[in-house]
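Report on the following structure.
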Amino acid sequence: MIDSLYSIRMHAGSDGIHLSGAERIVAETDLERTAACLLRRAMTHGRGRAERVQITVDALDPETIGRGRLPDLRTVAVADYRQGRAAALDLLIEAGVAAAAARSAMEALASGAAPGGGVMRGAMLVDAGSGERLEPDRARGVRVSRMDLTAAAGQELRGRLQKAGLDNPHVREALVLAAKVLGAPGVVAELCWSDDPDYTAGYVCSAGQGYVRFPHLKPQGDPLGGRAFFLRPGLDPKALIDYLEGSALLVDEVGAVHGETNREVRA
Ligand code: AMP
């Protein structure tokens, strides 16, 4: 029997620009404490002063909350972002993304995928065959929402990540997001690197390879980043967008966290 659960989401912005966002799924008794944590995060993220912070709380119907497992994580050592992007490209192709589609999505992220070369607030949707972009709004993209870990799974994950020196919010939150994306009908793979200028790591995630992290997918100091979700060729994205944005997922099983391996060079 699940307690009454709520989705609580924070969004901080300034002059219409997105600065930071975070979200949790918590019991009613944890709402106030969680709201205070999210507010603190909005006020201390270091990317400029937030002029508007919104905190939204929605009751969830327990019957509709899905359960899931995190993908296994491994890190592939790369010397710099060029090597990282080459290795990420190889993985996307192995996952079933056409080479030209993977390359053009990567170029879009590298040059700013929003109109005018800025950072999108959400993800690009890319047809894995043709490379066509399918998100209805190229500035907003598609925002994956309403996902979290159970308290027990969160603790277990932190223990496993600590052993690998990876217990930070970037990795924890990206793993949960990737779990929801990977479980979505019609998603072939995900590519991500952060828009945080000081965080150069990124990942490729797919059903076959799990979550493969690269310490460098962009140069230090680069403020551009984003996400691309590659969809089965020909898929109509409407149902997928509804699932990613609207359905709730509580992850209750943690995947393996492997140590660092060297890049496998293809023959
Ligand atoms: P972050 O890893 O938080 O630095 O986010 C990197 C990029 O991923 C952002 O610039 C957005 O384009 C995208 N992004 C962030 N959060 C989400 C989300 N909840 N759903 C989809 N895309 C996101």
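Positions are given from 1, in the same order as the sequence printed here. Predicted model only: the values in this text are computed from it and were never measured. Atoms within each ligand, like the ligands themselves, are counted from 1 in listed order.
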Atom 21 (C) of ligand 1 [closest protein heavy-atom partner, distance rounded to 0.1 Å]:
Val142 O, 3.1 Å
Verify the cluster assignment for Met147 and Leu38: are they in a single hydrophobic cluster under the rule of side-chain heavy atoms below 4.5 Å apart?
no
Please indicate whether any nitrogen or oxygen in Ser194 is less than 3.5 Å from any nitrogen or oxygen in ligand 1.
yes
Using a distance-only test with no angle check, is there a side-chain donor-acceptor pair under 3.5 angstrom linking Tyr203 and Glu190?
yes
Is a donor from one side chain sitting under 3.5 angstrom from an acceptor on the other, for Glu23 and Ser7?
no
Heavy-atom nearest option to atom 16 (N) of ligand 1, drawn from Met120, Arg143, Met124:
Arg143
Is the closest N or O pair between Val119 and ligand 1 shorter than 3.5 Å?
no
Distance-only, no hydrogens or angles: does the Asp148 side chain make a donor-acceptor pair with backbone N or O of Ile25 under 3.5 Å?
yes
Is there a nitrogen or oxygen of Phe229 sitting under 3.5 Å from a nitrogen or oxygen of ligand 1?
no
Atom 14 (N) of ligand 1: nearest protein contact (heavy atom, Å):
Arg227 NH1, 3.5 Å
Does an N or O anywhere in Asp195 fall below 3.5 Å from an N or O of ligand 1?
yes
With nothing but distance in play, are any N or O atoms of Gly122 less than 3.5 Å from an N or O of ligand 1?
yes
Ring-face cation of Lys238 near Tyr243 (centre distance under 6.0 Å, axis angle within 45°)
no
Please list, in number order, the atoms of ligand 1 under 4.0 Å from a heavy atom of Trp193.
6 (C)
Taking NZ, NE, NH1 and NH2 as the nitrogens, is one of them in Asp127 or Arg232 under 4.0 Å from a carboxylate oxygen of the other?
no
So for Leu244 against ligand 1, with non-hydrogen atoms under 4.0 Å, the contacting part is neither
Derivation and outcome, salt bridge (charged side-chain N to carboxylate O under 4.0 Å, His left out), residues Asp252 and Arg69
CA-CA 6 Å; Asp252 55 7; Arg69 178 186 190 276; over 6 Å; no
Side chains of Gln209 and Ser206 only: does a donor on one sit below 3.5 Å from an acceptor on the other?
yes
Which atoms from ligand 1 have a heavy atom of Val144 less than 4.0 Å away?
18 (C), 19 (N), 20 (N), 21 (C)
Any carboxylate oxygen within less than 4.0 angstrom of a Lys/Arg side-chain nitrogen, looking at Lys180 and Glu173?
no
Can Arg121 be said to touch ligand 1, with heavy atoms closer than 4.0 Å?
yes
Among protein heavy atoms, which lies nearest atom 7 (C) of ligand 1, and at what distance?
Gly226 CA, 3.5 Å
